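Read through the structure below, which is laid out as structure tokens, and then see the notes.
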Amino acid sequence: MKDFLSLVDLSPAELNDLLDLATKLKEEWREGGNEPLLRGKSLAMLFQKPSLRTRVSFEMAMVHLGGYAFYLSPSEVKMGGRESIPDVARVLSGYVDAIMARVFDHDHILQLAEYATVPVINGLSDYSHPAQSFADLFTIRELKGRLEGLTLAYVGDGNNVARSLLFGAMRTGLHFKIASPPGYTLSEEDVSLAEQMRLADDQRIELYQDPIRAVAGADVLYTDVWTSMGQEEETAARLQLFPPYQVNRKLVSQAKPDCLVMHCLPAHRGEEITDEVADGPNSVLFPQAENRLHAQKAILVKLLLNL
Ligand code: CP
Ligand code: NVA
């Protein structure tokens, strides 16, 4: 594994080993701190879009492991504008041990990986958010004790987060259901790729328009913003279509009583999720956010130590 670009690239065994490593690193950190496994290693963090969790959790993961990380702002690098993406990749490869990037166009992360000689980590693109989904699988496994056989229902836009969750679910034995307005669900291509990633033949992928049907009996209820970064001009149109997909108390009551309510954050409270649910008894939003730190330590250790 040179890069961490998509959960599609990891075998079920590799994903499982990475989850075990995240568990170990979290326990170690809780017991007083991590070993400086990444002493002397450096991470460049290139951002074309804003971030709180991704930026801070990757940076702190490097710090806890004895390494060093630094932030490169969109206006500083102007990737693809001031300088071509292949040149950015080649230059940074001479200075640092790994690159994490958040880009608008997924093709840009693929180009970075192609031309960099050091590992490249996808910190979100318009297509996917695998670091988020990996941390989400870690959270579900930690809180439910397993992944296989559970049902994850995603309600809202069939976006980058939904796509990575679908792939991660298939690799780890979860059933996946999604409810979206017409025209906003995952594509046939996504579903067909996901079908090839199944751990077990009986794993279900179900696409609905009715959120109540999608959520019925779910172990995990997941949502994300209705308008992602880069789609701002569609906000008004989306606000017309998405209100029936709000995760509110009534919708949560259709899932299992002990279902985990998850959201990658940032949340637009009052739109895709109500305060009552975000702060309610089923919500795991903040342990979920914290787990980005622990999960990404595992990704960094695996890539940087070439495990
Ligand atoms: N969930 C997530 O990636 O958050 P940020 O956009 O704040 O990094
Ligand atoms: N789907 C959202 C996720 C943010 C972490 C976006 O791309 O803006």
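Treat the numbers as computed from the prediction; the structure is a model and nothing was measured. In each ligand, atom 1 is the first atom listed, and ligand 1 is the first ligand listed.
Salt bridge Lys302/Asp17: absent, no basic N to carboxylate O contact under 4.0 Å. Ion pair Arg82/Asp87 not flagged as a salt bridge, since none of the NZ, NE, NH1 or NH2 atoms sits closer than 4.0 Å to an Asp/Glu carboxylate oxygen. Remark: Arg163 does not engage Asp157 in a salt bridge, criterion side-chain N to carboxylate O under 4.0 Å. Under a 4.0 Å N-O distance rule, the pair Glu206/Arg213 does not qualify as a salt bridge.
Both tests do not hold together for Arg204 against Phe176: distance to the six-membered ring centre under 6.0 Å, angle to the ring axis within 45°.
A side-chain donor-acceptor contact under 3.5 Å links Ser93 to the backbone of Ala89. Panel note: side chain Asn282, backbone Cys259; a donor-acceptor pair is recorded below 3.5 Å. No donor-acceptor pair closer than 3.5 Å links the side chain of Thr274 to the backbone N or O of Gly270.
Between Arg102 and ligand 2, no N or O atom pair is found at a separation short of 3.5 Å. Between Ser228 and ligand 2, at least one N/O pair is under 3.5 Å apart.
Under the 4.5 Å side-chain criterion, counting only non-hydrogen atoms from C-beta, Leu25 is in contact with Val301.
Using a non-hydrogen distance threshold of 4.0 Å, Asp126 does not register as a contact of ligand 2.
Under 4.0 Å from ligand 2, the heavy atoms of Leu124 that appear belong solely to its side chain.
At a heavy-atom cutoff of 4.0 Å, ligand 1 is surrounded by Ser51, Leu52, Arg53, Thr54, Arg102, His129, Gln132, Cys264, Leu265, Arg292.
What sits closest to atom 7 (O) of ligand 2 on the protein, heavy atoms only, is Asn160 ND2, 2.9 Å. Closest protein heavy atom to atom 8 (O) of ligand 2: Met229 N, 2.8 Å.
Residue Leu265 approaches ligand 2 through these ligand atoms, each under 4.0 Å from one of its heavy atoms: 5 (C).
Only one option out of Gln296, Arg292, Glu290, His294 pairs with Ser57 in a side chain to side chain donor-acceptor pair (under 3.5 Å); it is Gln296.
Summarising the contacts of atom 1 (N) of ligand 2 with Val161, Asp157, Asp224, the nearest heavy atom is found in Asp224.
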